[in-house]
Each structure stands twice: as structure tokens, then as C-alpha cells.
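Everything on this sheet refers to the single structure shown next.
Quick note: residue numbers are just sequence positions, from 1. Worth knowing before you read on, the calculation uses all heavy atoms, side chains too, and leaves out hydrogens, waters and symmetry mates.
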Amino acid sequence: MKLLTVLFKKEVLDAGRDKRSVMAGLYYAIGSPIIMCVLFSIMLKQFASPDELKITINNADAAPALVQYLDSKEIIHSTDDDVKAITLEISADYQDKMREGRSAQVTIIADKSNDKLRKSITELERALMRYNSEVASLRLLTRGIDPTVMQAVNVQVQDQATPESKGGMFLGIATLSIVLTLFYAAMNLAIDTSAGERERNSLALLLSHPLSSMQVVLAKSAAIAAFSMLGLAIILVVSKFAYALVPWQQLGFSVNIGFDFMLLCMVIGLPIALMSASLQVFVSFMAKSFKEAQTYVTMVLFVPMGLSMVTTYDIATEYVQWLPIAAQQHAMIEFIKGNALPWPQLFISTLVTLALFGLFSWLSSRMLKSEKVVFGL
């Protein structure tokens, strides 16, 4: 242990000398929550106060009640330059049909294949359907018929979501950046301490000392994991203050990153940091050069990114929540929502994560016994 401690300090000092590599990883931890907060603020602003939908209404004079109804729903007739390429065509006999209690025709003229117009078209269609329902109810009333007879099933929704759970749906997306910090915060250091040292011939000099290859690998992995945990601590602190600036109250909920959540992330993030470090060291030793190691490590990190995204968007969660990374992130999301932690999944995934850390460390130590790997032949 004393020798491992000395090696760990040596690796940390070596990594700390390259301040650019250290900051390159920490920039992600600092910048990602700020970017997420800006995006959340924009999304909340759109949800709370959607922009007016300006369209063209032909023969608007024939349907003043309809035009007034659409105007109350922020859908207005306009001839300005920012009008959408959507036209509502009102038939010439609209007033006659409405007076007779018959169906009056209105036509939406728009390109549904245009992604920028699809949301606006849907908004207009829903407004017209609501207007159609209201007019139909009034027609039934004038004929002495209760409009409720048209409702075979009266659907009532009781939303049991708490303000914390509603906020958790948004912050669940932010856990993606929190988990990926454990991989990206020390990626450059992992490549530099393995493939980089081999190119500088310092790896062979280190192995010339009376050290076992396993001790060298464990010391390197521990140093890399330390910087990953530093990145995790930074992103949690930045997130705590950054998310407090987002106007969550506009939608009736709040998001609060407490110290208990930060402590949970640090505890369950440590095994992931160790596995991430050993994985990146193993992949870097497989490469023949520093640039090749950068390519391989970047490609390998798509696997944890995929697991994290699957959990974020709740895709087959009942299966992937037993896997490393996915289970830890799922536990974070459940904690944010105020639900009970999935202890069985978390326990098993943590054991698997530590087992992978041991496996990658053992494979890397075996590779360091080969001269081809040590000298990059």
C-alpha cells in the first residue's frame, strides 16, 4: 500500500503538470450545466408564454366568430413579414352553412413535410377541433339536447406528481451530463499517462524499477479516477447554483440540488470513475500511438453514452437498469423525483462495475508484460 501511495502521488503530480489537459476535462464539468440551464430557460419560456402564431386567413370576414376564437388562442390573422406559411381558407358559403346548422368547410393549406411548420399546423388543428366541439355543444343546447350525451366516457385525470417529481423529469436530462463527466473529465489524462508515456519512453523507465505491472496500472487508474471525481464534484457544485437561476416556477415546480443528492452522486460515482479509468487505460495501451489512442477511447465512450441516453429517455429501463452506468443514473433520477432508491439494481450494478474495473486492470497489467506494448512495436 505504501508503494501504491507513492506511485499514486507520482501519477497525480505528473498529470497536474499538464494544466491544459486537466482544464480541458474540467471545462466540460463547468460548461455543461451552464449550457443546460440556458436551454432549460429557453424551453420554459416557450412553454410558459408561447409566441403568437401568425397565419393568413382568406375570407376572414365570413367567419368573425372563428377568427375571434383563434385570436384568443394566440393564432392571429396577419400580413406581416414573419407570418407562417400557413393559410386557413374559409369557404364562401361559411355563414350560410353555419346559419343552417350544417357543416361549414375550412381548409388548412400548408406543407406538413416542413419540420418548422409541423408544430404550428398541429396547434392550428387542435384549436379548430376545440372550436368545432364548442359550436357542436351550442347546437345541441339550442335543440334542447344535453351535450353530455355525446360524451360516452367522462375522463378525469388526477395528477399525483409532486413539484419535485415534475422537476425531476427535467433534471433527469441533466443527469446525462453528470454521469458523462466521469468519463470525459480525465479522458486526456488517461491517454497521456498510458499512450503518452509510452511515446515519451517514460513507461519503460518506470517498469524498469522493482514494481509489478499491476501496481503501475492501479496507481494510474486511481490517479485518473481522482481527477474524474474532481470533475464530478465541480459539475455538482456548478449545477447547484446554476439550476437555481432557472425560472422553474413558471411551470409550477422547482428543481433543487441538495447536498444529499450531491453526496449520493459522489458515492455511486466512485465505482464508475474507477471503471472508466481502467477502461481508458486498457484501450490506450491497445493503441500503437497517442493519436490512435484518442480515436479508440473516443469510440469506446459511445457505449457508456448510449447506456446513459437510454436511461435518460426511459427506453427499456426495466432491462438496462441492472447494467452499470444505467443503474447508477436511474438511481439519481429516482432520488431527484423523491422515489425510493432501486437498491437491488444499484447493488448489483455496483458489483459489476467494480468487477469490470478489476478485469480491465488485470488485462492492462498483462499487456504491460509484453515488450510490444511497452515499446509500441
For the residue pair S194 and S284, what are the closest heavy atoms and their distance?
OG-CB, 2.9 Å

Which heavy atom in C265 sits nearest to a heavy atom in L232, and how many Å separate them?
O-CD2, 3.5 Å

Taking all atoms of both residues into account, what is the closest heavy-atom pair of F227 and V12, and its distance?
CZ-O, 4.1 Å

Between Q280 and S276, is there a side-chain donor-acceptor contact under 3.5 Å, judged purely by atom types and distance?
yes

Quick check: does any side chain N or O of S361 sit under 3.5 Å from a backbone N or O of F357, one acting as donor and the other as acceptor?
yes

Do L180 and Y28 make a side-chain contact, defined as non-hydrogen atoms from C-beta onward lying under 4.5 Å apart?
yes

L307/L323 under side chain to side chain contact (heavy atoms under 4.5 Å, CB included): CA gap, chis, key distance, verdict
CA-CA 8 Å; L307 289 172; L323 300 178; 4.0 Å; yes

Can you find a heavy atom in the side chain of M367 that is under 4.5 Å from one in the side chain of F282?
yes

Sequence neighbours left out, cut at 3.5 Å: what donor-acceptor pairs do the side chains of residues 347-355 make with other protein atoms?
| from | atom 1 | to | atom 2 | distance (Å) |
| --- | --- | --- | --- | --- |
| S349 | OG | Q345 | O | 2.8 |
| S349 | OG | L346 | O | 3.0 |
| T350 | OG1 | L346 | O | 2.6 |
| T353 | OG1 | Q328 | NE2 | 3.4 |
| T353 | OG1 | S349 | O | 2.6 |

For K291, look at atom NZ and say whether over 12 heavy atoms of other residues, nucleotides or ligands are found less than 6.0 Å away.
no

Between R143 and R139, is there a donor-acceptor pair closer than 3.5 Å when you use the side chain of the first and the backbone of the second?
yes

Just wondering, more than 12 heavy atoms not from M305 lying within 6.0 Å of its CE?
yes

Using a cut-off of 6.0 Å, state whether more than 12 heavy atoms not belonging to M214 lie near its atom CE.
yes

Could you tabulate the donor-acceptor pairs under 3.5 Å formed by side-chain atoms of residues 199-206, not counting sequence neighbours?
| from | atom 1 | to | atom 2 | distance (Å) |
| --- | --- | --- | --- | --- |
| E199 | OE2 | F290 | N | 2.7 |
| R200 | NH1 | D192 | OD1 | 3.1 |
| S202 | OG | E197 | O | 3.2 |

Hphob cluster co-occupancy, I191 + V22, side-chain heavy atoms under 4.5 angstrom:
no

Option passing side chain to side chain contact (heavy atoms under 4.5 Å, CB included) with S308 (candidates V303, V320, V179, I178):
V179

Output the rest of the hydrophobic cluster of L263: all Ile, Leu, Val, Met, Phe, Trp and Tyr residues reachable through side-chain heavy-atom contacts under 4.5 Å, sorted by chain and number.
V267

With side chain to side chain contact (heavy atoms under 4.5 Å, CB included) as the criterion, how do L356 and L279 come out once you've worked through the C-alpha distance, each side chain's angles and the decisive distance to 0.1 Å?
CA-CA 8 Å; L356 290 174; L279 171 63; over 6 Å; no

May I ask you to check whether over 12 heavy atoms, not counting those of Y296, lie within 6.0 Å of atom OH?
no

Can you confirm whether K84 is buried at NZ, in the sense that more than 12 heavy atoms of other residues, nucleotides or ligands lie under 6.0 Å from that atom?
no

Nonpolar side-chain network containing I90, other nodes, edges under 4.5 Å
L53, I55, I57, L66, V67, Y69, L70, I75, I86, L88, Y94, M98, V106, I108, L117, I121, L124, L128, Y131, V135

Is the backbone N or O of D80 less than 3.5 Å from a side-chain atom of K54, with the two atoms forming a donor-acceptor pair by type?
no

Under a 3.5 Å distance rule, please check whether N59 uses its side chain to pair with a backbone N or O of S91 as donor and acceptor.
yes

Short side-chain donor-acceptor distance under 3.5 Å, T311 and Q329:
no

Contact between T295 and M299 at the side-chain level, heavy atoms closer than 4.5 Å - yes or no?
yes

Not counting sequence neighbours, which residues clear salt bridge (Lys or Arg N to Asp or Glu O under 4.0 Å) with E125? List them please.
K112

4.5 Å side-chain heavy-atom contact, N58 and T56:
yes

Identify the two heavy atoms, one from K73 and one from E123, that lie closest to each other, and give their separation to 0.1 Å.
O-OE2, 4.2 Å

Around atom CD of Q68, are there more than 12 heavy atoms of other residues, nucleotides or ligands at under 6.0 Å?
no

Considering only distance and modelled atom types, tabulate donor-acceptor pairs under 3.5 Å from the side chains of residues 181-190, sequence neighbours left out.
| from | atom 1 | to | atom 2 | distance (Å) |
| --- | --- | --- | --- | --- |
| T181 | OG1 | S177 | O | 2.7 |

Would you indicate whether the side-chain heavy atoms of M309 and L176 approach each other to under 4.5 Å?
yes

Would you say T193 and D14 make side-chain contact, with heavy atoms under 4.5 Å?
no

For the residue pair I235 and S32, what are the closest heavy atoms and their distance?
CD1-OG, 3.4 Å

Is it true that S213 and K369 share a donor-acceptor pair across their side chains at a distance under 3.5 Å?
no

So, for Q215 and L211, which heavy atoms are closest and what is the spacing to 0.1 Å?
OE1-CA, 3.8 Å

Would you call the rings of F261 and F335 parallel, tilted or perpendicular, where under 30° means parallel and over 60° means perpendicular?
parallel

Min side-chain heavy-atom separation P247-S41 under 4.5 Å
yes

Does E292 reach the main-chain N or O of K288 with its side chain, forming a donor-acceptor pair under 3.5 Å?
yes

Hey, any chance I35 and F40 share a hydrophobic cluster, counting ILVMFWY side chains that come within less than 4.5 Å of each other, even indirectly?
no

Within a 6.0 Å radius of atom CZ on R126, are there more than 12 heavy atoms belonging to other residues, nucleotides or ligands?
no

Determine yes or no for a side-chain-to-main-chain donor-acceptor pair under 3.5 angstrom, with S133 supplying the side chain and M129 the backbone.
no

Working note: F8 + K220, criterion side chain to side chain contact (heavy atoms under 4.5 Å, CB included); need CA distance, chi angles, decisive distance, verdict.
CA-CA 7 Å; F8 172 75; K220 291 181 178 297; over 6 Å; no

Find out if a path of hydrophobic residues (ILVMFWY) with successive side-chain heavy-atom gaps under 4.5 Å connects L264 to M262.
yes

Path from M275 to M266 over hydrophobic side-chain contacts below 4.5 Å
yes

List the steps, then state whether side chain to side chain contact (heavy atoms under 4.5 Å, CB included) holds for L363 with R366.
CA-CA 5 Å; L363 291 174; R366 289 288 302 271; 5.7 Å; no

Donor-acceptor check, side chain of T175 to backbone of M332, threshold 3.5 angstrom: yes or no?
no

